[in-house]
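Report on one structure; see the data block that follows.
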Amino acid sequence: MRNRYGILTQPIGQVLLRMSLPNLVGILTVLGFSLVDTFFISQLGTESLAAISFTFPVTLIISSLAIGIGAGVSTNLARLIGSGNGEKAKVFLHDALILTVTLISALCIIGSLFITPLFGLLGANQHSLPLIHDYMSIWYFGAPLLVLLMIGNQGLRATGDTGSPAKIMALASLINLVLDPLLIFGIGPFPRLEIEGAAIASLISWLVALSLSGYLLIIKYKLIHLVGLNVDRMRSNWRQLAHIAQPAALMNLLNPLANAAMMAMLARIDHGAVAAFGAGTRLESVLLIVVMALGSSLVPFIAQNLGAGQTERAHRALMLSLRFVLVFQTLLYLPLLFLAPTIARLFSDDPQVIEWLSFYIIALPAAYGPLGIVIIMATSLNAYHRPMSSLVLNICRLFLILLPLAALGSYIGGVKGLLLALPVTNTLMGIACYFLASRISEGKRAALHAQRIRK
C-alpha cells in the first residue's frame, strides 16, 4: 500500500518526524490564541488574569466537544473518500455540520444565560464576575464560529490537505495577536475595551479563518453537498459520527472538568492562586506541544502497521516515542529552573501571584516527562483498539488519584500543597503507563502469533 509518509517501510524516527511537523504547527497556532490572550489580559491586573483563568475550563469544554466531533468527521470522511464514495462524503459533512451548529449553538445559548451562577459555582467573586460576563457573553456568541472552523479544518485534513488548516490557523493567530493589544488597551483609534476586547479580537480572527476554510471546502474541494433534510439519512450519518465522536469528546472533557475542580479549590484559598494556575496551565500547553504533535502522529502509524501485521514495528515506535518524550521533556525542564521567576513576571506584577506561578513553573514541569508518557500511551491505546482502556486510564489519573491528592495537599499545604499533587500524580501514572505499554505490545504480538499458528 502506497503512503506518502512511508509508514510501513521507512525508518520509524524519520516517518514520525515528517508526520508530526504539520501537527506541531497546527497545535502551536491553536495554543497561541489562549496564551496571547492570557499575556495581554494579565497586564490589566490580577483580577483580570483571575477572571480569564476562570473561563478556561468552560471554553475547554466547548473545544473538547469540537475535538470529539472533529475526530468523527475526519475518520468518516477519510474512509468515504478513500473508498471512492465522494458524494456520500459530501452529504455526510453537510449533516455533520448541521448537528454541530445545532448542538454548539444550544449549549452557548444556555451558557450565556447562566454565566453568573456557573462561574459563581467555580468560585468567582463579585470582582471577577463582571469581567467574566464581559468576556464570555462575546465568547459564547463567537464559539459556533470556532467550532465550525475546527470541524472544517478536520474536513480538509481528511482530503489529505494538512498544510491549509495549519496556514489558516496561523493567520487567525496573527490577526488575534495584532488585534489583542489594540482592542484591550485602546491603542490609536481603537476604543479601550480591556477583557472584552480580547473576546472581540478572537471572534474577528475566527470569522476570517472560517471564511478561508469554507472557501476551500465549498469552492476548491467541493466537499459540501447541499441536500434536503432527510430524517432517516441524517440519523444514520449522526450515528456514524457519534461512534467515534462520543468517546473522543468524553476523553477530552475529563481534563477541563478536573481543572474546574482544581480551580474551585484554589478560589476558596485566594483568587491570586487562580490567576497563577490559569497562566500556568496555558504555559503547560505550550511546553507539552511536542508531546501532543507526536501523539497525534503515532496513532495512524501504529494502526497502519498493526493492520499490515508489522506488530514489532508498531511496538518499537511506541517504546521509542515514550523514551523520546521522557528525555526531551526532562531536558526542556532544565532552563525552567533558572527562568521561572522571569517568566512569572511576564504575567503579573503581584508578588503573591509571581511566587505561586514561579512555584508552578519549577514544580510541575519536573514531571512533564512522565506526563508525556501518559499522553502518548492514552492516545496510542486507540490504535490498539482499546479506546475504553484509554478512557479508564484518564479517569483513574484525574479523579481517583489527582483530585483526592489535591484536596489533601490543599488541606496540608495550601496552594503549594495542592499544586504538588500534579507532579506526584503524573510521576506515578507515567511509571504505570510505561509498564502498561510493554505488556500491551507483548500481548498484541502473542495474540497475532497464536493466530498465525492456527492458520
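If you read the sequence from its start, that first residue is 1, and numbering goes on from there. The basis for the numbers below is simple: all heavy atoms, side chains too, and nothing from hydrogens, waters or symmetry mates.
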Query raised in the report: Sub-3.5 Å donor-acceptor pair from the side chain of Ser202 to the main-chain atoms of Ala198, do we have one?
Result: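 Pair found, side chain donor or acceptor close to backbone of Ala198.
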Query raised in the report: So, Ser137 side chain and His133 main chain: donor-acceptor pair closer than 3.5 Å or not?
Result: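 Checking the backbone N and O of His133 against the side chain of Ser137, a donor-acceptor pair under 3.5 Å is found.
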Query raised in the report: Does Phe277 have its ring centroid less than 6.0 Å away from the ring centroid of His271?
Result: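 No: the rings miss the under 6.0 Å criterion.
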For [X], I'd like to know if atom [atom1] has over 12 heavy atoms of other residues, nucleotides or ligands within 6.0 Å.
X      : atom1 : answer
Arg192 : CZ    : yes
Asp349 : CG    : no
Phe141 : CZ    : no
Tyr215 : OH    : no

Query raised in the report: How many angstroms lie between atom CG of Leu210 and atom CG of Leu146, to the nearest 0.5 angstrom?
Result: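 Here the rounded value is 9.5 Å.
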Query raised in the report: Roughly how far, to the nearest 0.5 Å, is CD1 of Ile184 from CG of Asp37?
Result: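 So the CG of Asp37 and the CD1 of Ile184 are separated by 6.5 Å.
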Measuring only between side-chain heavy atoms, which start at C-beta, is [X] closer than 4.5 Å to [Y]?
X      : Y      : result
Arg345 : Leu357 : no
Val58  : Leu118 : yes
Tyr360 : Thr281 : yes
Ile62  : Trp139 : yes
Tyr368 : Tyr333 : no
Met136 : Thr59  : yes
Leu217 : Tyr221 : no
Asn230 : Asp95  : no

Query raised in the report: Can you name the closest pair of heavy atoms from Ala201 and Leu183 and give their distance?
Result: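 Looks like N-CD1, 3.9 Å.
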Requested in this report: Please lay out, stage by stage, how Met234 and Trp238 fare under the test side-chain contact (heavy atoms from CB on, under 4.5 Å).
Outcome: CA-CA 6 Å; Met234 293 171 72; Trp238 289 349; 3.4 Å; yes
Requested in this report: Examine the side chains of Ser128 and Glu47 and answer whether a donor and an acceptor come within less than 3.5 Å of each other.
Outcome: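 Yes, because at least one side-chain N or O of Ser128 sits under 3.5 Å from a partner of the opposite role on Glu47.
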